[in-house]
Amino acid sequence: MSTTIFAPAERPGFAESSFIARVREAMQDTATVTWRDMVRTARQPEMLTFAVVMGVFFLLLFNYVFGGAIGAGTGVDYITFLVPGVLVITALQGAQQTSLGLAADLAEGVADRFRSLPMNQGAVIAGRTVADAARNLAGLILLAMVAMVMGFRFGSLVGGIAAIGLTLAVGFAFSWLGAAIAAKVRNQEMVGMLSMFWLFPLMLASSAFAPPESMPGWLQGFATHQPISVAADAVRSLTSGDPAGGDVLYALAWVVGMLVVFIPLSSRLYRNPG
Amino acid sequence: MRTVVIEADHLRKSYGDTIAVNDLSFTVTAGEVVGLLGPNGAGKTSTINMLTTLLPIDGGSARVGGCDVATRPRAVRSQIGLAGQTAAADEMLTARENLKLFGRLYKIPKSELLALVDEIIERFRMSDYADRPVSTLSGGQRRRLDIVAALVSNPPALFLDEPTTGLDPRTRNELWETIEDLAAGGTAVVLTTQYLEEADRLADHIVMIDGGRVVARGTPRQLKAQLKRDVLEVHLVSGSDLEGALALIGDMPEVAADRATNELHVPIGDGAGTSLQILRRLDDAGIKIADFQLRRPTLDDVFLTLTGPAAAKGGSE
Ligand SMILES: Nc1ncnc2c1ncn2[C@@H]1O[C@H](COP(=O)(O)OP(=O)(O)OP(=O)(O)O)[C@@H](O)[C@H]1O
Ligand SMILES: [Mg+2]
């Protein structure tokens with residue numbers, strides 16, 4: 001057969017580049033994909049509206065309907081207990097959107113285009129999680145404003161900012177879980193169903209709406225230490241203005257742990273679902 | 001010698017029990033257009049997807065620009081443009097935004113990108129709908145965007161899987177000219193198509209596959225000549241000459257006469273030589289000829305003869 005003599009064109013990315021260059025490329029590609037996903041978010045504002053409306057719905061429902069019954073056990077004004085939980089739940093719904101969005105990419109065929117491009121493949125997911133975090137930030141701020149109208153108060157400005165920041169970090173970690181599910185399952189309807197499967201038990205068997213002490217013993221252990229409860233407790237101590245400590249570290253440990261597991265896992269599944 | 005840009009070397013792909021690509025080899029040099037032809041399910045898309053890193057290679061190997069597709073996918077991706085068989089643009093972005101997105105991911109410098117995208121939109125007459133979301137575009141408009149997206153980075157190796165399916169004749173012609181221009185500029189092109197006219201016009205070299213195997217290869221002219229199915233059609237002035245003419249050239253196999261139109265159909269293997277002999281014989285005998293033509297087989301004839309159930313039965317090649 002003929003021998004191949006092809007002068008390597010000086011094309012970007014032709015040569016296997018250094019580690020530093022690859023990291024820079026990953027960041028650049030993530031920024032590009034983030035831009036793309038934010039444009040998409042802006043074109044479907046109902047996703048943001050939906051997240052906020054759900055949050056408001058939870059606030060109203062739990063505060064006015066169950067508040068009397070549940071609030072008695074919390075020892076504080078129930079709205080003070082409830083708002084951090086609802087903030088965390090709202091961030092998790094953003095993570096659900098990551099799952100659905102990635103599944104839609106894979107269905108639309110634009111994922112095939114990405115796979116044929118000289119880009120960092122992990123950026124497809126990373127960009128989406130960052131864009132979803134940005135949308136989450138907007139949703140959380142809107143929701144916090146509604147909560148304040150309902151009588152909720154942040155203990156301090158710094159505490160409030162830290163609380164929103166921690167909530168975002170938790171949502172970001174769950175976004176990668178959602179991405180891993182979408183990358184594995186791919187089928188859009190299945191992804192939609194599966195995200196209900198993890199969200200609902202985690203949401204209800206948690207300290208988001210009521211203290212776990214009121215739950216049966218066998219559930220308490222799970223309900224106290226699972227990430228949503230830990231996050232809700234940490235956000236609570238940040239919003240109350242108390243000097244926060246252990247529970248914030250615990251929540252951050254969950255965030256880091258989930259990222260360590262789900263970033264490589266979702267990237268691998270995205271490249272090879274098998 | 002021209003440099004080899006794309007090299008498929010005994011490629012194999014199977015899905016479970018289905019062998020989609022079976023021992024397929026071909027090369028494409030700079031400036032060459034190779035047409036992959038074959039019926040539905042022949043393995044064209046599987047081949048393109050393996051060469052463009054989208055599909056793992058089960059056997060054999062492939063190189064683009066000297067880089068092995070399996071071991072250096074990243075280097076391969078920086079040298080290819082792909083317009084796959086299925087649409088691959090972001091539905092919610094506009095056509096212009098899609099081109100910007102892909103251009104950025106190709107690492108085209110920001111300072112050049114905007115002007116480049118404008119120029120491309122202008123050149124491919126997409127201005128009317130460039131700023132509408134892709135989901136609102138017609139099938140042909142989307143197809144055009146898909147193909148143009150493959151050209152943004154001016155890649156040395158271009159893969160087009162049924163590029164003109166669904167395009168109107170004018171757009172198709174423009175695309176053909178574009179492909180010819182790109183090839184003239186040194187781009188290596190692999191093209192699959194169902195339009196044999198397209199392969200005839202564009203392809204320097206055709207690889208005809210069926211059931212994942214090569215059934216014929218060569219230039220379009222070689223493939224047609226290989227069929228040996230030229231037909232000489234002679235239209236006589238008078239029907240009364242028909243019998244005499246048949247007697248004169250009765251030694252040719254499978255001569256047919258059409259009494260309604262006074263026509264003779266003489267299959268003559270190949271070449272103009274035999275036709276001249278036949279015409280001279282008729283003329284020498286004083287038979288008046290109103291008209292004649294030499295009908296060459298089309299690529300359709302080649303395709304139908306060499307692929308599909310008929311070919312499998314005949315056990316060609
Ligand atoms: N993902 C898959 N799983 C199982 N079989 C597949 C898959 N993709 C393709 N095939 C099979 O492999 C064979 C080759 O398919 P391929 O798509 O490469 O054909 P093609 O030549 O591109 O056909 P067409 O002209 O219809 O586009 C077919 O028999 C097809 O059914
Ligand atoms: Mg195909």
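Chain letters run A, B, ... following the sequence lines, proteins first and then strands; every chain starts at 1.
Partners of B:Q141 according to the side-chain hydrogen bond (donor to acceptor under 3.5 Å, both in side chains) rule, which considers only residues two or more places apart in sequence or in another chain, are B:S138.
When the shell of 6.0 Å around CZ of B:R213 is examined, it contains 12 or fewer heavy atoms from other residues, nucleotides or ligands. Counting heavy-atom neighbours within 6.0 Å of A:F19 CZ, excluding the residue itself, gives a total of 12 or less. Within 6.0 Å of atom CE in A:M38, 12 or fewer heavy atoms from other residues, nucleotides or ligands are found, so the atom counts as exposed in its surroundings.
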Inset, instruction - Begin with the C-alpha distance, continue with both residues' side-chain angles, and end with the deciding distance and a verdict on side-chain contact (heavy atoms from CB on, under 4.5 Å) for B:L93 and A:R40. - result: CA-CA 7 Å; B:L93 301 191; A:R40 281 173 72 99; 4.3 Å; yes
Inset, instruction - Would you check, one step at a time, whether the test salt bridge (charged side-chain N to carboxylate O under 4.0 Å, His left out) holds for A:E25 with B:R74? - result: CA-CA 12 Å; A:E25 179 186 69; B:R74 181 63 179 69; 2.3 Å; yes
Inset, instruction - Kindly determine whether A:D29 and B:K107 satisfy side-chain contact (heavy atoms from CB on, under 4.5 Å), including the steps that lead there. - result: CA-CA 9 Å; A:D29 289 342; B:K107 316 297 180 302; 3.0 Å; yes
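Within the 4.5 Å cutoff, the side chain of A:E108 has heavy atoms near those of the B:D90 side chain. Using a 4.5 Å heavy-atom threshold, the side chains of A:S116 and B:L54 count as touching. Using a 4.5 Å cut-off on side-chain heavy atoms (C-beta onward), B:E91 and A:V110 make no contact. In this structure, A:F114 and B:L101 have side chains that are in contact, with non-hydrogen atoms separated by less than 4.5 Å.
B:R77 places a side-chain N or O within donor-acceptor distance of the main-chain N or O of A:R115, the cut-off being under 3.5 Å. Between the side chain of B:R104 and the main chain of A:A31, no donor-acceptor pair closer than 3.5 Å is present.
Interface with chain B: from residues 125-148 of chain A, no residue qualifies, criterion being any non-hydrogen pair under 4.5 Å.
Here A:R113 contributes atom CZ and B:L82 contributes atom CG; the two are 6.5 Å apart, rounded to the nearest 0.5 Å. Considering OG of B:S78 and CG of A:L117, their distance stands at 11.0 Å, rounded to 0.5 Å.
Interface summary for chain B: among A:A111, A:A123, A:A104, A:G109, the most heavy-atom pairs under 4.5 angstrom belong to A:G109.
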Quick one: side chains of residues 168-183 of chain A, donor-acceptor pairs under 3.5 Å with protein atoms, not counting sequence neighbours, listed by atom name and distance.
{"from": "A:S175", "atom 1": "OG", "to": "A:T98", "atom 2": "OG1", "distance (Å)": "2.8"}
{"from": "A:S175", "atom 1": "OG", "to": "A:G171", "atom 2": "O", "distance (Å)": "3.4"}

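Counting only residues at least two apart or on different chains, the side-chain hydrogen bond (donor to acceptor under 3.5 Å, both in side chains) pairs with a member in residues 43-61 of chain A are A:R43-B:E97.
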